[in-house]
Amino acid sequence: MEIVSMKKENAMLIRLKGRMDVVTSPAFEQACDKVILGGDKLLVLDLGGLEYISSAGLRSILGVDKKIKAQGGKLALCNLMGMVKEVFHVSGFAEMFPTFDTVEAALGST
Amino acid sequence: MTTTPPDPGRLCITMCNALNELPRLNQSVQSFLQQHEAPPPAVFAANLALEEMITNIIKYGYDDSLSHDIRITLTREPGRLTVRIEDDGHEFNPLSQPPPDTSPQIEKRKIGGLGIHLVRRTVDAMWYRRREGRNLLEMIIRLPSDTEPAAPSTSNAGSCPGT
């Protein structure tokens with residue numbers, strides 16, 4: 001999985017590409033830990049490049065959400081597509097997080 | 001991990017019960033499915049079925065710290081892909097597991113059983129049996145029937161070495 005972090009005006013944007021599974025999720029959690037330690041209050045995850053996500057990936061996102069909330073921040077998701085979107089719906093995760101169609105809309109959600 | 005490709009419509013892999021074997025399993029499965037022009041939703045379903053079930057076996061299937069073989073067979077037939085997993089871990093029937101809590105209240109939610117739930121909602125059929133101290137799990141993923149030339153079903157013909 002490719003993880004690209006970008007500082008935006010009021011938030012941190014992380015773009016994910018490839019497979020988010022039991023093997024690759026720990027790297028994602030580490031990248032998010034850095035963002036949370038850095039003090040950003042809004043973390044936007046762009047999932048448009050994800051080809052695959054499993055329950056391990058969902059659990060990682062849930063763990064990151066709990067950590068950023070504990071710091072008074074929030075997590076927003078955008079660009080859910082295809083089977084990744086389906087997994088979010090089937091698991092009930094789509095209703096648990098603010099989700100947006102575009103990065104711009106997610107960044108404007110503060 | 002060993003891979004045996006004796007039959008072009010079948011992929012047989014034996015891996016040991018270690019999560020670091022998964023990337024190599026993924027690569028073999030990916031190239032097999034590409035070769036058979038499986039559509040993206042079927043590739044996703046096969047990947048999910050393998051990862052969730054094998055992760056469960058590795059994490060909860062054994063009490064000892066010994067190496068155990070997990071045998072995986074993918075069979076491509078007209079109109080369907082069959083994913084079969086065989087292990088010698090504790091008896092575990094994923095079909096008898098209650099559905100997880102998928103309520104939207106994050107704080108209240110229990111997360112166990114999510115992987116099995118996802119697989120049950122993604123594959124088209126699943127059966128389980130316990131035989132001679134081994135778990136046998138088979139999952140069927142339907143394919144558009146025109147993606148490969150029609151041929152008589154060979155589901156019972158041939159098998160992988162060692163099965």
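Quick caveat, the model's predicted, so the values are computed rather than measured. Worth knowing before you read on, the calculation uses all heavy atoms, side chains too, and leaves out hydrogens, waters and symmetry mates. Order of the sequence lines fixes the chain letters, A, B, ..., with proteins taken first and strands second; residue numbering starts at 1 for each chain.
- The number of heavy-atom neighbours closer than 6.0 Å to CG of D101(A), taken from other residues, nucleotides and ligands shown, is 12 or below.
- No continuous path of ILVMFWY side-chain contacts below 4.5 Å connects I72(B) to L136(B), so the two sit in separate hydrophobic clusters.
- Residues I54(B) and I116(B) are members of one and the same hydrophobic cluster, defined by side-chain heavy-atom contacts under 4.5 angstrom among Ile, Leu, Val, Met, Phe, Trp and Tyr.
- Put simply, the side chain of T122(B) reaches to within 4.5 Å of the side chain of M83(A), judged on heavy atoms.
- S55(A) is listed as a side-chain neighbour of E52(B), based on a closest heavy-atom distance under 4.5 Å.
- Sparse packing is recorded around CZ of R142(B), with 12 or fewer heavy atoms of other residues, nucleotides or ligands lying under 6.0 Å away.
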Discussion item. side-chain contact (heavy atoms from CB on, under 4.5 Å) for H89(A) and R121(B)? Distances and angles first, verdict last.
Written reply: CA-CA 11 Å; H89(A) 283 286; R121(B) 291 287 301 267; over 6 Å; no
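- Looking at heavy atoms from C-beta onward, E51(B) lies out of side-chain contact with V23(A) at the 4.5 angstrom threshold.
- Two residues are said to be in side-chain contact when any heavy atoms from C-beta on lie closer than 4.5 Å; D21(A) and N47(B) fail this criterion.
- The same ILVMFWY cluster, assembled from side-chain heavy atoms under 4.5 Å apart, contains both L95(B) and V123(B).
- At a 4.5 Å heavy-atom cutoff, E86(A) makes no contact with chain B through either its backbone or its side chain.
- Checking each of L114(B), L48(B), V119(B), L118(B) against S54(A) for a side chain to side chain contact (heavy atoms under 4.5 Å, CB included) leaves exactly one that passes, namely L48(B).
- Considering every non-hydrogen atom in both F44(B) and Y52(A), the closest pair reads CE1-CA, 3.5 Å.
- For the pair V90(A)/H117(B), a side-chain contact is recorded, criterion being any heavy-atom separation below 4.5 Å from C-beta on.
- With a 6.0 Å radius and a threshold of 12 heavy atoms from other residues, nucleotides or ligands, K67(A) has its NZ atom above the threshold.
- Applying the 6.0 Å contact sphere to NZ of K41(A) captures more than 12 heavy atoms from other residues, nucleotides or ligands.
- Contacts between N20(B) and chain A at a heavy-atom distance below 4.5 Å are absent for every atom of the residue.
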